[in-house]
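Everything on this sheet refers to the single structure shown next.
Only heavy atoms go into these numbers, but all of them, side chains included; no hydrogens, no water, no symmetry mates.
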Amino acid sequence: MPLPLETESYEVTALYHPHSRRGFILGSISHDVWKTGIRIKGEQAEKLDELELYGGATGVMTRDSQPHGYVLGTRIESPLVFAGFYEDYREGLETYGWANTRIAASLKWDGGVPFGWNSWSAAMSELSYELYTSTSDFLKEETQSLGFQNEDTLYINFDAFWDNLTSEEMKDALNSVRQNGHKPGTYWTPFAFWGSPAHCAPVPEPICA
């Protein structure tokens, strides 16, 4: 989201210049008690006027519309947070991930790194049978032999607008992907948030379009 804008993010955010990739990484590295908020305001392009990193974020955007409980004890601590400036924000995100493992070790995983394609970033609402199947063909023929795979397969995933395909096209597309040795997939998100605060009903029923 380019400046100017006024918005709020949660848990972790990258603020960076898209050409140089120089930027800030901010977020929490303890996640058990509080949700961390990052408020951002900039009134001009490429100029950040206000930045706030705080603990205890609640609201419609976080689905926290019910009254909260209390944290009791002789010592109450805010979440442990991470803030850093990097010449390449991607390095900052890697460092942020590493910092999280110092607080809570990552779960054991021996399955390699899943690799694949998701239709949203390439097609969005223009997803079609031809694009879905030809992507699987391209990855098999051009990139899989170069190491872009995990355990000899890739995941070819439908995002939104998968229903652009007819039932017959869907059946044929899945068979085509499987014949390439790939694994087709999608996801289901009953609690997803698809818009902005303007799309939400008033509290206490944050039902979003």
Side-chain angles (χ1 to χ4, degrees), residues 1-27 37-42 45-46 48 57 59-63 88-90 92-94 96-97 113-144 146-150 153-201 206-209:
M1 297 176 65
L3 295 169
L5 74 113
E6 183 174 359
T7 190
E8 182 164 307
S9 184
Y10 304 96
E11 290 303 290
V12 62
T13 288
L15 303 170
Y16 61 93
H17 192 283
H19 301 298
S20 69
R21 297 197 176 112
R22 302 174 77 224
F24 295 97
I25 305 298
L26 308 106
I38 305 103
R39 291 194 182 109
I40 304 151
K41 182 177 181 180
E46 301 188 9
L48 191 63
V60 171
M61 293 286 282
T62 67
R63 299 298 206 197
D88 188 324
Y89 75 92
R90 298 173 300 178
L93 288 171
E94 293 280 357
Y96 170 77
V113 179
F115 188 89
W117 177 83
N118 183 284
S119 66
W120 181 257
S121 61
M124 295 188 178
S125 63
E126 302 303 316
L127 177 61
S128 67
Y129 168 87
E130 176 62 28
L131 177 61
Y132 182 78
T133 55
S134 64
T135 297
S136 177
D137 292 340
F138 171 80
L139 292 172
K140 180 177 178 60
E141 296 166 6
E142 302 292 337
T143 68
Q144 194 166 344
L146 301 176
F148 293 95
Q149 50 85 23
N150 176 57
T153 192
L154 295 90
Y155 298 87
I156 312 297
N157 294 326
F158 283 107
D159 207 300
F161 295 94
W162 56 267
D163 53 348
N164 286 349
L165 280 69
T166 66
S167 296
E168 284 302 312
E169 285 178 328
M170 178 65 75
K171 181 179 179 180
D172 189 62
L174 298 179
N175 287 335
S176 176
V177 165
R178 291 187 178 111
Q179 288 171 7
N180 280 338
H182 299 160
K183 295 181 179 180
T186 188
Y187 64 95
W188 178 248
T189 54
F191 301 107
F193 177 69
W194 304 115
S196 67
H199 294 106
C200 290
I207 307 302
C208 298

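Nearest heavy atom pair, residue Asn164 against residue Glu169, reads O-OE1, 4.2 Å. Shown here for Thr153 and Gly181, the closest heavy-atom pair between the two residues is OG1-O, 2.7 Å. When all heavy atoms of Leu154 and Gly116 are compared, the closest pair comes out as CB-CA, 4.4 Å. Closest heavy-atom contact between Thr143 and Leu139: OG1-O, 3.0 Å. In this structure, Leu131 and Ala123 approach most closely via the heavy-atom pair CD2-CB, 3.3 Å. Looking at every heavy atom in both residues, Ile40 comes nearest to Leu48 through CG2-CD1, 3.4 Å.
Rounding to the nearest 0.5 angstrom, the gap separating the CD1 atom in Ile25 from the CD atom in Glu94 is 10.5 Å. To the nearest 0.5 Å, the span separating CZ on Arg178 from OG on Ser136 amounts to 11.5 Å. Separation of atoms CG (Asn157) and OG1 (Thr135) is listed at 11.5 Å; rounding is to 0.5 Å. How far CG of Asn118 is from OG1 of Thr186: 8.0 Å, rounded to the nearest 0.5 Å. If you take CG on Leu5 and NZ on Lys41, they are separated by 11.0 Å, rounding to the nearest 0.5 Å. Taken from OG in Ser119 to CE in Met124, the straight-line distance is 10.0 Å, to the nearest 0.5 Å.
Between Tyr132 and Phe158, the ring planes are parallel. Angles under 30° get that label, and only those over 60° would be called perpendicular.
The ring-ring contact (aromatic ring centres under 6.0 Å, His included) test applied to Phe161 returns no partner, not counting sequence neighbours. Listed by chain and residue number, nothing satisfies the salt bridge (charged side-chain N to carboxylate O under 4.0 Å, His left out) test with Asp172 (two or more places apart in sequence, or in another chain). Residues passing the ring-ring contact (aromatic ring centres under 6.0 Å, His included) test with Tyr155: none are found, sequence neighbours excluded.
By the 4.5 Å heavy-atom criterion applied to side chains, Ile156 and Asn180 are not counted as neighbours. Leu26 places a side-chain heavy atom less than 4.5 Å from the side chain of Leu15.
Checking Tyr16 against Asp88 by side-chain atom types alone, no donor-acceptor pair falls below 3.5 Å.
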